[in-house]
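This report concerns only the one structure given below.
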Amino acid sequence: MTTTTMPSSEKVLRTAYQESVAAYWNAEKDPVNIRLGEVDGFFHHHYGVGDYDPSVLEGPEETRDQRIIEEMHRLETAQANLLLDHLGPVGPEDRVMDTGSGRGGTSFMANQRFGCHVDGVTISEQQVAFANAQAGERGVSDRVRFHFRNMLDTGFETGSLRASWNNESTMYVDLYELFREHARLLEHGGRYVTITGCYNDVTGGRSKAVSRIDEHYTCNIHPRSAYFKAMAANDLVPVAVVDLTEQTIPYWELRAKSPVATGIEEPFLTAYREQSFHYLLIAADRV
Ligand code: GPP
Ligand code: MG
């Protein structure tokens with residue numbers, strides 16, 4: 001089966017905006033991601049869920065920073081496991097895709113859990129190189145591969161995927177274009193999952209706190225409603241919607257007290273507490 005044909009447009013980065021997003025991620029070496037990844041070799045680019053153990057903030061000072069980092073990493077890994085829990089049955093012969101794959105954390109976890117083939121796509125060549133080197137070190141290069149591709153035009157074969165996901169990467173793209181590509185890639189009955197931050201249509205437009213998050217990451221957070229409209233327009237029928245807002249607040253509280261805080265913690269906490277923003281999981285079937 002051919003799964004590595006070039007995208008229909010040879011140019012991966014099509015706009016000045018996409019070039020600026022790629023430049024951000026090519027340069028990114030933030031301790032909040034590197035030090036957490038070094039805990040066990042799974043490097044995540046997403047946030048965490050679940051309660052933290054408050055004892056990590058106490059006890060011997062010499063080990064406190066590392067204990068906080070390990071606890072944050074545990075919550076981020078729990079987030080990725082929650083996403084994988086919603087992929088439905090995936091077998092070793094199935095193919096799945098991680099669009100916006102970062103340094104590969106969720107992709108390696110999927111391969112470890114299901115034994116399946118995983119293709120990750122990202123517009124950051126640094127992330128592709130990092131994640132492929134990791135695949136080599138793990139001895140899974142024959143099953144887990146990362147590609148310098150645009151998630152809106154991946155070039156992979158139509159109907160070739162059992163499942164696909166975006167783990168906190170939808171806020172960089174137009175949702176109609178994104179879901180059109182996922183719907184093209186998925187087989188009939190295939191499963192799409194996203195975990196995302198979205199703003200609340202009920203409280204109104206983009207709040208100041210949400211705007212600060214957009215500014216920090218050079219992204220464009222969508223309203224909650226946009227997800228369902230764009231899925232409905234692309235044969236993706238939601239089967240589960242989980243509001244994870246309450247479950248992610250402890251992660252941000254711990255992160256605010258951690259040695260690797262980046263300054264974006266208060267806008268997240270404000271946005272979640274004032275309910276102008278939700279942390280949502282959406283799982284949908286391709287029909
Ligand atoms: C975090 O990645 C995710 C994004 C940049 C997308 C924005 C997400 C929203 C829910 C709005 P990261 O792990 O690289 O971020 P950080 O460096 O802050 O930990
Ligand atoms: Mg991070």
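Every number for a ligand or one of its atoms is a count from 1 in the order of the listing.
Nearest protein heavy-atom contact of atom 14 (O) of ligand 1 is His45 ND1, 2.6 Å. What sits closest to atom 3 (C) of ligand 1 on the protein, heavy atoms only, is Glu168 OE1, 3.2 Å. Shortest contact from atom 13 (O) of ligand 1 to any protein heavy atom: Asn33 OD1, 3.0 Å. Of all protein heavy atoms, the one closest to atom 11 (C) of ligand 1 is Ile221 CD1, 3.7 Å. Residue, atom and distance of the protein heavy atom nearest to atom 1 (C) of ligand 1 are Tyr47 OH, 3.3 Å. The protein non-hydrogen atom at the shortest distance from atom 18 (O) of ligand 1 is Tyr217 OH, 2.5 Å.
The proximity of Arg255 to ligand 1, defined as any non-hydrogen pair under 4.0 Å, is limited to the side chain. Only the side chain of Met171 comes within contact range of ligand 1, with a heavy atom under 4.0 Å; no backbone atom does.
Within the listing of ligand 1, atoms 5 (C) sit less than 4.0 angstrom from a heavy atom of Tyr172. Ligand-side atoms of ligand 1 in range of Gly197: 10 (C), range being under 4.0 angstrom from any heavy atom. Those atoms of ligand 1 with a heavy atom of Val32 less than 4.0 angstrom away are 16 (P), 17 (O), 19 (O).
Heavy atoms only, all atoms of each residue included: Val49 and Leu82 are closest at CG2-CD2, 4.5 Å. Across all their heavy atoms, Glu187 and Gly159 have their closest contact at CB-O, 3.7 Å.
Between Arg286 and His188 the shortest side-chain heavy-atom distance does not fall below 4.5 Å.
Checked options His45, Gln79, His44; the residue passing with Asn167 is Gln79 (criterion: side-chain hydrogen bond (donor to acceptor under 3.5 Å, both in side chains)). Of the candidates Phe146, Phe130, Phe42, Phe108 forms a ring pair (Phe, Tyr, Trp, His ring centres under 6.0 Å) with just one, namely Phe146.
In this structure, Phe179 is not a member of the same hydrophobic cluster as Val237, with clusters built from ILVMFWY side-chain heavy atoms closer than 4.5 Å. When the side chains of ILVMFWY residues are joined at heavy-atom separations under 4.5 Å, either directly or via intervening members, Ile221 and Tyr24 end up in a single hydrophobic cluster.
Salt bridge annotation for Arg35-Asp30: absent, with no cationic side-chain nitrogen under 4.0 angstrom from a carboxylate oxygen.
Between His147 and Phe156, the ring centre distance stays below 6.0 Å.
Ligand 1 has no atom lying under 4.0 Å from any heavy atom of Tyr199.
Residue side and main chain included, Asn33 places an N/O/S atom under 2.8 Å of the Mg ion (ligand 2).
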